[in-house]
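Heads up, the thing below is written out as structure tokens.
To find a chain, count down the sequence lines: A is the first, B the second, and so on, and within it residues start at 1.
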Amino acid sequence: MHKIESKNVNFYYGETQALHDISLSMKENTVTALIGPSGCGKSTYLRLLNRMNDLIDKTHLNGEIYIDGHNIYAKNTNVDDLRKNVGMVFQKPNPFPKSIYENVAYGLKVNGITDKKVIEERVITSIEQVALWDEVKDKLNKSAFELSGGQQQRLCIARALAIQPSVLLMDEPTSALDPISTAKVEELIYDLKNMYTIVIVTHNMQQAGRVSDNTAFFYMGELVEYDKTKNLFTNPRKERTQNYITGRFG
Amino acid sequence: MKKENRLAKRKRRNQKIAFGLFQFVSYSIVALLFIILAFIVIKGIGVISWEFISEMPKEGMTQGGIYPAIVGTLCLVLGSMLFAFPVGVLAAIYMNEYVKDGWPKRIIKQMTNNLAGVPSIVFGLFGMALFVNKLEFGDSLLAGSLTLGLLVLPVVIRTTEESLKAVEDTFRHASLALGATKWQTTSKVVLPIAFPNILTGLILSIGRVSGETAPILFTVAAYFLPKLPTSIFDQAMALPYHLYVISTSGTNIEASRAMAYGTALILIVIVLISNLLANALRKYFGRKVKMN
């Protein structure tokens, strides 16, 4: 069974159709990269997976998206539980104006974990998971804003991991970072693959090539091609994919 | 080449004229404020003494102090805030965090703006009709506080809304994406960030409340009452009304002129203190929010 499975997904912002008949399945513990030019629908698709698009007025969807075999757009879906299971990392690092510790503990607290010991353990584990522990262990009570952009982004990943999701969505997570921080985050994605199913939107095709197992190429709201990353980059079946990855447009 | 030089010169000259004009206008405003302040301080400072702020008025309000008016105004400020703050903040949260864009929101917004534009004397009449007569609170601190509360309600709503709007959506999204509910997001992320600005708006509206005369005219203010209120159903004196009384209809207007300036000075000092307090608190909490 696939971890994530979309069937004939059409999505509309008001009258404008942003996604056309997307069917796309992802296996557990894989990294899937979504690529394509700006406005192609890749971020929209990503945000469907944890229903963040619900926050935008006048949108609607038809089709089905299953995670662990459960239709996440079914009436009986609890959106808060869904988002707990499907974590998200955003384009710009967005830590809360709280301490480093509180940033990671927040997700645990809002999900009803009150045992201080459990919280502390999970906070530490999560920060270790993103290889940030050595850098912040002496200043856990300092503001998260004191960290560099790259550290903030890794903190945001730790924050998402703390509540133990099984899927991790990343929306251009390195677009605001310098090359060294980018390399660290990419390394991290590679390490996290064993425990999570990761979907990453990226503008950077080298990045897609480096971190992902499979790549989906979106264009004008359509899924043009979806294949093993290696195949898609070396031997694309569609001309539009060929043009895009060779930089002829987009 | 020569032509370009002329053009550059003209541009520079225009720039200088515009800049000079703006500078003049800005400084004029500051100067005007200082002139008014200086005028009141010079005229009023003579009567300021411990007795003036701690004693009852005497001799037909030409002697003694303004203690009950100060206490009355402080009570009214407190009472109106107790009403306007929770109602206004909750309304603003509802409007900014919960209601989706659409006609219900537009109507509430428009109504709030209209409420802000209603002349204060109309609030006074409304307060008298509803609180004093209909609800039978009589002329009382309660009726006056509620009337003043209604008056500043749109101010509280608007400043709170602006403060909430200033909180970037990325924080809301981060919280929601962690499985937090809307209320958790609002109470644990949005409100703490917006708090310093909400507080500032609140304290600035204290200045507004303490200076209003018309809304308290028919609802609470006593012409002369040389004792302190003991319950919320008591009448009270208040600074702006006291100022009005001893300037226009006192027993001996000439004799109480100095008292009037002294009263004005005290009123201004109260407003000034609340503004300074607003600044200090905003800075203090602004830092604290970042640290936490």
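- Put simply, NZ on B/K182 and CG on A/D80 are 11.0 Å apart, with the number rounded to the nearest 0.5 Å.
- Neither the backbone nor the side chain of A/R51 comes within less than 4.5 Å of any heavy atom in chain B.
- Residue A/P165 does not touch chain B at all, counting heavy-atom pairs closer than 4.5 Å.
- By the neighbour-count criterion of 12 heavy atoms within 6.0 Å, atom CD of B/Q15 is sparsely surrounded, having that number or fewer from other residues, nucleotides or ligands.
- The environment of OH in A/Y12 is crowded: more than 12 heavy-atom neighbours from other residues, nucleotides or ligands sit within 6.0 Å.
- With a 4.5 Å cut-off on non-hydrogen atoms, A/F96 touches chain B through its backbone and its side chain both.
- With chain B as partner, the option from A/D81, A/I163, A/N78 having the largest number of non-hydrogen pairs under 4.5 angstrom is A/I163.
- Rounding to the nearest 0.5 angstrom, the gap separating the OH atom in A/Y106 from the OG1 atom in B/T185 is 4.5 Å.
- The environment of A/K3 atom NZ is dense: over 12 non-hydrogen atoms of other residues, nucleotides or ligands sit within 6.0 angstrom.
- Contacts of A/V86 with chain B are made by backbone atoms alone, with heavy-atom separations under 4.5 Å and no side-chain atom involved.
- Contacts between residues 167-181 of chain B and chain A, defined by a heavy-atom separation under 4.5 Å, are made by B/T170, B/F171, B/H173, B/A174, B/S175, B/L176, B/A177, B/L178, B/G179, B/A180, B/T181.
- In this structure, NZ on A/K58 lies 10.0 Å from NZ on B/K100, to the nearest 0.5 angstrom.
- Within a 6.0 Å radius of NZ in A/K193, other residues, nucleotides and ligands contribute more than 12 heavy atoms.
- No more than 12 heavy atoms of other residues, nucleotides or ligands shown are found within 6.0 angstrom of OH on B/Y94.
- With sequence neighbours excluded, no residue forms a side-chain hydrogen bond (donor to acceptor under 3.5 Å, both in side chains) with A/E5.
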